[in-house]
Amino acid sequence: MSDAQLSHGDDVTATLLRNDDGFRQLVSEHHELDERIRQLASTTHLSSQQQFDEIALKKKKLALKDRIAALLQQHQTDAAFGRPH
């Protein structure tokens, strides 16, 4: 999930970032992984270990993106049905 996807003025995302420590932690970890992946990508030649690390980081980042998306969906569903958060 890119910064642009998280900061397009989405009310649900903004609300969760303000009020949900767990959500905020997931987003923070996602950004940290993104930065580590960018650092690896800027390396001219990756060793076998660095290539392995890059793949593992990408998988972890994708899993976090899925968890973030699920939380957003759940929050939207709860709001649509008037359920407390």
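Please read all numbers here as calculations on a predicted model, not as lab measurements.
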* Asked: Rounded to the nearest 0.5 Å, how far apart are NE2 of H30 and CD of Q25?
  -> 13.5 Å
* Hey, could you give me the CD/CG distance between E54 and L57, rounded to the nearest 0.5 Å? => 8.0 Å
* To do: Look at the side chain of S47 and the backbone N and O of Q50, then say whether any donor-acceptor pair between them is shorter than 3.5 Å.
  => yes
* **Atom pair NE2/OG1 of H75 and T15 - distance to nearest 0.5 Å** => 5.0 Å
* Structure fact -> Those residues at least two apart in sequence (or on a different chain) that pass side-chain hydrogen bond (donor to acceptor under 3.5 Å, both in side chains) with S48 are none
* **From CA spacing to verdict: salt bridge (Lys or Arg N to Asp or Glu O under 4.0 Å), D34, R38** => CA-CA 6 Å; D34 193 44; R38 275 194 220 127; 2.3 Å; yes
* Distance in Å, L62 CG paired with D66 CG, rounded so as to fall on 0.5 Å steps -> 5.0 Å
* Asked: Same cluster or not: are V27 and V12 linked, directly or through other Ile, Leu, Val, Met, Phe, Trp or Tyr residues, by side-chain heavy atoms under 4.5 angstrom apart?
  -> yes
* Partners meeting side-chain contact (heavy atoms from CB on, under 4.5 Å) with I55 (sequence neighbours left out) -> K59
* For residues Q49 and D53, is any side-chain donor paired with an opposing acceptor at under 3.5 Å? -> yes
* **Interatomic distance, Q74 atom CD to L16 atom CG [nearest 0.5 angstrom]** => 10.5 Å
* For R36, side-chain hydrogen bond (donor to acceptor under 3.5 Å, both in side chains) partners two or more places apart -> none
* Structure fact -> Interatomic distance, CG@D21 vs OG@S28, rounded to 0.5 Å, equals 11.5 Å
* Structure fact -> side-chain hydrogen bond (donor to acceptor under 3.5 Å, both in side chains) filter on N19, not counting sequence neighbours, yields none
* Asked: So, the side chain of T77 versus the backbone of Q73: is there a donor-acceptor pair under 3.5 Å, distance only?
  -> yes
* Residues that L71 engages under side-chain contact (heavy atoms from CB on, under 4.5 Å), provided they are two or more places apart -> F23, L26
* Structure fact -> Residues passing the side-chain contact (heavy atoms from CB on, under 4.5 Å) test with S42, sequence neighbours excluded, are none
